[in-house]
Amino acid sequence: MSEKEALFIVQKIFYNVFQTEKSFSLDEVLLKFAFDIKLPKQVYDTTTNEVTWADSIHSGKYITLRNMEKVDREKGWMLEKREVHNLEEIIQIWSEINFTTTERVYDSVCVSKSDTIYHSENIYHSTDSTESKNLVFCDSCHNSEFLLASQRTVMSNFCIRCDDSKNCSNSYSVICSNKIVNSFFIQDCFDLYECMFCSHIAGKKYCIANMQFDRDEYFEIKKVVIEWIFNC
């Protein structure tokens with residue numbers, strides 16, 4: 001998946017969430033919206049020195065899934081038995097074949113800069129996702145589409161910074177909530193439509209900071225909030 005394709009997804013998400021077009025580079029999106037998301041880090045394949053991407057960066061020795069499978073096909077990973085005299089020698093021999101596998105992508109297409117992706121499509125710089133499409137800068141999102149800078153979220157679409165939530169759509173900054181639509185800055189809520197800055201409420205629409213507004217008032221304030229989000 002190219003950067004151009006990832007930006008197209010980002011712009012489509014922006015339009016669905018904010019009903020406006022905004023032009024950002026991927027670096028700007030990462031800095032402004034995904035600054036705290038756990039994402040794969042750039043490392044180097046120890047066997048080829050090529051750039052690769054890994055969730056775990058503690059071992060210091062890496063091999064891409066593709067290259068690991070190539071070794072397995074061509075010569076295998078078993079070693080001839082050697083005489084060993086102590087545990088240190090065993091650990092030294094182990095270090096010769098002990099690489100952290102990177103870019104673990106299974107039954108997926110159009111995936112880049114990602115690790116541990118399963119049954120997904122169009123995934124950019126994300127991790128631990130399954131049965132999803134069109135994710136950018138996401139961690140642990142499943143059965144979802146068109147998510148940006150989101151984590152631990154399921155069955156959601158067209159959301160930005162949606163965390164620990166499910167059944168959300170066209171929303172921004174949603175935390176620990178369910179069934180949230182067209183809403184911004186929501187925490188611990190259920191079944192909200194067109195609400196902003198709300199916490200611990202359910203079954204509401206056109207609420208701001210847990211206060212009821214009429215429809216026209218609400219949308220006038222929403223315009224101001226959208227400008228504030230992009231300019232702060």
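The chain is numbered in sequence order, starting from 1.
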Intermediate values then yes/no, side chain to side chain donor-acceptor pair (under 3.5 Å), Ser156 and Ser144: CA-CA 5 Å; Ser156 297; Ser144 297; 4.8 Å; no

Derivation and outcome, side chain to side chain contact (heavy atoms under 4.5 Å, CB included), residues Asp36 and Arg161: CA-CA 10 Å; Asp36 58 349; Arg161 294 193 61 79; 2.9 Å; yes

From CA spacing to verdict: side chain to side chain donor-acceptor pair (under 3.5 Å), Thr64, Glu103: CA-CA 6 Å; Thr64 66; Glu103 293 186 61; over 6 Å; no

Interatomic spacing from CZ in Phe213 to CD1 in Ile221 - rounded to 0.5 Å: 4.5 Å

Side chain to side chain donor-acceptor pair (under 3.5 Å) partners for Asn143, two or more places apart: none

Within-4.5 Å side-chain heavy-atom neighbours: Ser199 and Asp188: no

Pair Tyr206 and Tyr218, ring centroids less than 6.0 Å apart: yes

Ion pair check, [X] and [Y], cut-off under 4.0 Å:
{"X": "Glu145", "Y": "Lys12", "answer": "no"}
{"X": "Arg215", "Y": "Glu194", "answer": "no"}
{"X": "Asp45", "Y": "Arg66", "answer": "no"}

Nonpolar side-chain network containing Val224, other nodes, edges under 4.5 Å: none

Residues clustered with Ile186, ILVMFWY side-chain links under 4.5 angstrom: Val174, Ile180, Leu192, Ile201

Cation-pi geometry met for Lys32 and Phe24 (6.0 Å, 45°): no

With Lys223 via salt bridge (charged side-chain N to carboxylate O under 4.0 Å, His left out) - residues at least two apart: Glu220

Worked check of side chain to side chain donor-acceptor pair (under 3.5 Å) between His142 and Thr130: CA-CA 5 Å; His142 310 287; Thr130 59; 2.8 Å; yes

Listed once per pair and sorted, the ring-ring contact (aromatic ring centres under 6.0 Å, His included) pairs that draw on residues 148-177, sequence neighbours left out: Phe18-Tyr172, Phe146-Phe158, Tyr172-Phe185

Sequence neighbours left out, cut at 3.5 Å: what donor-acceptor pairs do the side chains of residues 69-81 make with other protein atoms?
| from | atom 1 | to | atom 2 | distance (Å) |
| --- | --- | --- | --- | --- |
| Trp77 | NE1 | Met68 | O | 3.2 |

Residues Asp128, Thr116; criterion side chain to side chain donor-acceptor pair (under 3.5 Å); working and verdict: CA-CA 5 Å; Asp128 188 27; Thr116 56; 4.8 Å; no

Val136-Ile123 co-clustered via ILVMFWY side chain contacts under 4.5 Å: no

Any donor-acceptor N/O pair, Ser165 side chain to Cys176 backbone, under 3.5 Å: yes

